[in-house]
Amino acid sequence: MGRDQKVQVRFSKSELERLTSAAEQTSLDLPSFLRHAALALAGDIKPQQYGQYELNTIYREANSRGYIWPEEELHERQLPLYWSEAWVRARLAEGKSIKQLAILTGSPQTTVQNHLRMHFDIRAYQQLTEERIELIRTRYLAGESRRAIATDMGISNVTVGKYLRDLPTDPEWAAQELRVAQSEQIQRQPAEAEVLPSNVQGLRNRADRLFAERARLLSWPTSTQQIAQVLFDGRHASAKDWTDRMVVKGRLKRLARGWFELAQPCTSGVD
């Protein structure tokens, strides 16, 4: 049978960037890299030598004696590697998820998840780097919803919320916008113009208002480097992520590599 079998896989933007970077490092095109990586991983998953009942019996007997499984013995006897707490914690420290541990051990995810919770008091979670945590906060403050951030970054809403506890929730943002809108309707006085810059007046959507407030701090056209210095304290990665998303949303247009212009200088509400 030829290679005519197709499998469609969806990746978030951040996942695709990681895979593309890894493929470039190995001098492979992305489809070839994905194929060979999947086959290499599948080749490491050995057929199970024991049934679930046998595994439970072996583990309970050893556990009753307080036995701590060394990784070498688990390899030798072809027993699940997630029985070794040291191995599990080392993999989690590398940033791997419970689902990835299940794949590495050739075991059902629920089995691994339940074992880690019951015996090692390890809950299912994904350890995030400081850079990814900062990216969550930056994107949320730029007007994206928690659900949109979670979907794009391949994590749960709960994980996103964990790093936004000190910030208003989506309903709180909406309530705040409603109060601002009601205040603008009730008080139509010249002094009110000082509450928000003139180029932001009238924008009801929080994301539009935040974009307008940021855009007025820059001279257009502008570069990614300038955006990083003015808006993101010199963080080039955050500036690049922001410009990419603003281009997709139609708020910016790319003039050349690293250079941008407002997509709608007049009608967007930005002077």
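Because the structure is predicted, anything quoted here is derived from the model rather than measured.
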Just wondering, do L252 and E261 contact through their side chains at under 4.5 Å, heavy atoms?
no
Using side-chain heavy atoms (C-beta onward) and a distance below 4.5 Å, is L218 in contact with W220?
yes
Heavy atoms of L210 and A142 approach each other most closely as CD1-C, 3.9 Å
For residues Y59 and W83, establish whether the separation of their ring centroids is below 6.0 Å.
yes
With R139 as reference, evaluate R146, E144, E134 under the side-chain contact (heavy atoms from CB on, under 4.5 Å) test and give the passing residue.
E144
Distance-only polar pair, side chains of S32 and D29, donor-acceptor under 3.5 Å
yes
Could you check whether R117 and N114, counting side-chain N and O atoms only, form a donor-acceptor pair closer than 3.5 Å?
yes
Before accepting this row, confirm whether a basic side-chain N of the pair R91/E94 lies closer than 4.0 Å to the acidic partner's carboxylate O.
yes
Evaluate the ring planes of H115 and H119, with Trp represented by its six-membered ring, and classify them as parallel (under 30°), tilted (30 to 60°) or perpendicular (over 60°).
tilted
Does the Lys NZ or Arg CZ of R254 fall within the cation-pi geometry relative to F260 - under 6.0 Å from the ring centre and within 45° of the axis?
no
Determine whether a donor-acceptor pair (N or O, by modelled atom type, separation under 3.5 Å) exists between the side chain of S107 and the backbone of T105.
yes
Atom CG in L164, atom CG in L141: separation rounded to 0.5 Å?
8.0 Å
